[in-house]
Protein chains: 2
Amino acid sequence: MNAPSRKRRGSGRIKLRDVAELAGVSPMTVSRYFGQRELVAQEAQQRIAQAIEQTGYVPNVFAGGLASARGKVVGMVIPNIAGGVFGETVQGVTDTLRPHGYQLLLASSNYSSAEEEEAVRAFIGWSPAALILIGHQHTRGTEDLLDKANIPVVQTWDYKPHAKRIQVGFSHFDVGRDSAQYLYDKGYRRIVFVHTGQPEDVRAMERAQGYARAMESLGLTPSTYQAPMQAPLEAGKEALDTLRKGRWPAEAIIFANDNLAAGALLHGLRAGIAIPGDCAIMGFGDLSIADKLLPSLTTIRPPRYEMGRVAALRVLDALRTEDGEAPAEHVQRDNPMEYELIEREST
Amino acid sequence: MNAPSRKRRGSGRIKLRDVAELAGVSPMTVSRYFGQRELVAQEAQQRIAQAIEQTGYVPNVFAGGLASARGKVVGMVIPNIAGGVFGETVQGVTDTLRPHGYQLLLASSNYSSAEEEEAVRAFIGWSPAALILIGHQHTRGTEDLLDKANIPVVQTWDYKPHAKRIQVGFSHFDVGRDSAQYLYDKGYRRIVFVHTGQPEDVRAMERAQGYARAMESLGLTPSTYQAPMQAPLEAGKEALDTLRKGRWPAEAIIFANDNLAAGALLHGLRAGIAIPGDCAIMGFGDLSIADKLLPSLTTIRPPRYEMGRVAALRVLDALRTEDGEAPAEHVQRDNPMEYELIEREST
DNA sequence: CTGTTAGCGCTTTCAA
DNA sequence: TTGAAAGCGCTAACAG
């Protein structure tokens with residue numbers, strides 16, 4: 001609008017130098033004021049603080065990131081932003097990271113490993129300080145990217161014996177096993193596991209395996225059923241009806257998730273099938289519906305928020321490791337988290 | 001590890017120049033390959049594409065952002081990441097923005113205007129291309145920041161007559177009014193609106209006002225009730241019990257949200273209160289519980305995903321406006337979105 | 001259609 | 001405890 005210069009015009013924003021001039025110090029001192037404040041004299045600090053206040057200065061993240069070759073950024077890829085499953089985990093991460101000045105970059109993979117790789121690749125351009133991923137299931141390409149990136153990578157929502165990277169989660173195999181054992185202890189014998197339609201849900205598969213193993217150990221025959229790929233309400237209904245027919249009607253059903261289980265419960269209520277009398281039902285997830293159903297739903301509650309929080313803590317640990325040659329040496333690599341079996345009326 | 005030079009050591013990553021050398025062109029041509037590909041000869045494009053493939057080059061976002069003074073970044077502040085209300089909107093935004101190379105920066109305000117201001121301030125440092133906020137309720141400080149930032153700002157999840165900024169949403173006042181009118185048309189007269197405990201939920205307040213206005217227009221006396229600040233399950237129960245007592249027992253209740261309504265429905269079922277026979281109930285949100293209750297819940301479905309999508313589209317429109325002196329001149333500033341009244345069994 | 005030049009605003013490095 | 005110099009890797013602005 002004024003001063004039509006011919007070279008670059010800059011952003012027009014207040015910059016470090018402006019603050020420095022106002023405070024009567026060099027830009028470098030102001031730079032130290034952020035990040036290494038202890039190296040700045042008290043007196044200088046005061047003048048700088050005032051200059052910042054007065055100008056409303058906000059550091060340019062891009063300049064800082066470029067100069068330091070590492071942005072204060074953490075990337076996170078989750079299977080799905082909507083759906084309410086991972087939201088709390090994201091919240092746990094942001095709550096923990098924010099006080100340390102890290103900004104979360106979020107991407108959703110839509111439960112696709114290929115899209116996850118895409119997202120990770122995009123994140124690499126941000127020189128992220130760390131990455132947080134869900135689960136252990138990645139493409140070869142993703143693994144390569146992660147290896148080359150040479151930054152802390154935390155995997156959450158799952159837990160495996162010999163994980164290659166930092167992990168914060170629980171064993172879905174154990175969840176399946178515990179669910180079966182719990183129902184067995186309650187006296188149920190003909191226990192069936194109902195899969196969701198999506199084979200992308202690797203963790204549901206693991207729960208099914210845990211269930212199967214437990215059944216075998218108990219001298220029972222595992223039996224899994226694949227729910228039709230419909231809305232969970234109909235799928236749950238269909239599963240309940242089918243499994244109660246036949247010569248070996250199910251006495252108890254473990255659903256791959258609470259939504260499916262909700263469909264079954266509702267259908268039971270409408271169709272006059274007594275639950276747990278005619279058939280016990282349990283789910284997984286402890287979604288907000290679980291306690292609002294009749295009967296209320298017995299389910300497994302994963303530590304959703306807590307996993308996010310701990311994942312972020314491990315990231316911070318790894319980054320604190322003084323940029324040293326030993327990346328993440330003192331970091332707790334295996335972080336098993338406790339899930340909870342919430343017993344309600346449906347079993 | 002090798003070459004212990006004394007000056008900066010760089011990131012060690014492949015950079016634009018490496019690709020350029022390999023392709024036998026200047027860095028600038030490679031730069032144009034991203035972003036202005038039409039200005040690059042076919043032949044050069046091929047060689048560049050191959051060089052990129054071969055090196056696995058990923059552009060450094062910070063360098064680009066610094067040089068161009070505008071990062072390919074859009075900031076979004078939502079009241080709450082968990083909770084499942086805004087997740088779909090976020091998904092709509094990311095789905096729409098991603099193909100254009102924009103990265104979403106997400107922050108949660110915990111329904112606090114002060115925290116929202118904090119988040120906006122932090123975003124300013126990112127020189128975001130645009131910002132997306134929920135609602136019209138901001139602190140004075142936030143307004144100042146937005147004004148100074150001189151970038152497109154889209155407000156969503158609400159709609160007001162003379163909004164200062166681009167808006168994508170619906171009128172909560174209208175929702176309240178329509179809910180009341182709907183119940184009136186169904187024959188109900190003693191209709192009560194139940195507030196949630198949190199006064200931060202400005203939009204619920206607006207729905208209450210719309211309800212009150214409609215009641216007056218219909219010659220009825222509006223009556224609102226403040227649910228106790230407990231878990232929604234108990235709050236809904238308490239509200240239902242209280243409102244059915246007294247000399248003017250409610251014939252119909254509009255709850256501020258589906259969670260509250262679910263508490264009431266469940267209590268009705270357990271306590272043998274016929275719904276809608278003894279009392280009709282409707283909610284707001286069409287959360288995933290709404291159709292899994294007995295009776296299923298009549299509610300209002302906001303276009304959650306769609307609002308995110310359209311908000312992102314307006315952002316893109318505004319940014320397409322050729323960086324010209326007229327920022328966002330041709331952009332559709334008012335974008336009313338349609339909500340839907342989903343009639344189910346509870347009314 | 002392509003290249004040259006000069007920064008973007010900050011932090012690293014080195015020296016005091 | 002502070003400062004000066006030298007880039008970080010890319011793109012805007014010109015000129016061909």
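Below, chain A is the first sequence line, B the second, and so on; all start at residue 1.
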Rounding to a whole Å, what distance do you find between B/K72:NZ and D/dT11:C1'? 14 Å

Residue set satisfying side-chain contact (heavy atoms from CB on, under 4.5 Å) with A/A114, at least two apart, ordered chain then number -> A/S112

Rounding to a whole Å, what distance do you find between A/F62:CZ and C/dG7:C1'? 17 Å

Among C/dC10, D/dT1, C/dC8, which nucleotide sits nearest the side chain of B/L66? C/dC8

Measure CG/B/L39 against P/D/dT11 and give the value in whole Å, please. 14 Å

Quick check on A/Q332: does its CD atom have over 12 non-hydrogen neighbours (other residues, nucleotides or ligands) under 6.0 Å away? yes

Does the salt bridge (Lys or Arg N to Asp or Glu O under 4.0 Å) test come out yes or no for B/E143 and B/R140, once each step is laid out? CA-CA 5 Å; B/E143 294 287 359; B/R140 177 91 190 104; over 6 Å; no

Which residues in residues 40-61 of chain B have at least one heavy atom lying under 4.0 Å from any atom of DNA chain C? B/V40, B/A41, B/A44

Under 3.5 Å, side-chain donor or acceptor atoms of residues 118-128 of chain B against the rest of the protein: list the pairs with distances, not counting sequence neighbours.
from   : atom 1 : to     : atom 2 : distance (Å)
B/R121 : NH2    : B/E117 : OE2    : 2.7
B/S127 : OG     : A/R13  : NH1    : 3.3

Of the nucleotides D/dT2, C/dC8, C/dC10, which one has an atom closest to the side chain of A/K15? C/dC10

Identify which nucleotide among D/dA13, D/dG9, C/dT13 has an atom closest to any side-chain atom of A/R32, counting heavy atoms from C-beta outward. C/dT13

Applying side chain to side chain donor-acceptor pair (under 3.5 Å) to B/Q155 and not counting sequence neighbours gives B/H138

Okay, side chain of A/N335, backbone of A/Q167: is any donor-acceptor separation there less than 3.5 Å? yes

By the side-chain hydrogen bond (donor to acceptor under 3.5 Å, both in side chains) test, which pairs, at least two apart or in different chains, include something from residues 86-101 of chain B? A/S108-B/Q91, B/E88-B/R304, B/T89-B/W157, B/Q91-B/D95, B/D95-B/Y305

Give, ordered by number, those residues of residues 16-31 of chain B having at least one heavy-atom distance below 4.0 Å to an atom of DNA chain C; if nothing qualifies, reply none. B/V25, B/S26, B/M28, B/T29

Work out which heavy atom in B/G65 is nearest to a heavy atom in A/F62; give both atom names and the distance. CA-CD2, 3.8 Å

Looking at every heavy atom in both B/S109 and B/P79, which two are closest together, and how far apart are they? OG-CA, 3.3 Å

Please give, in whole Å, the distance from D/dT2 C1' to A/Y33 OH? 17 Å

Find the distance B/Q36:CD to D/dC10:C1' and express it as a whole number of Å. 13 Å

To the nearest angstrom, the CZ-C1' distance between A/F34 and C/dC10 comes to 11 Å

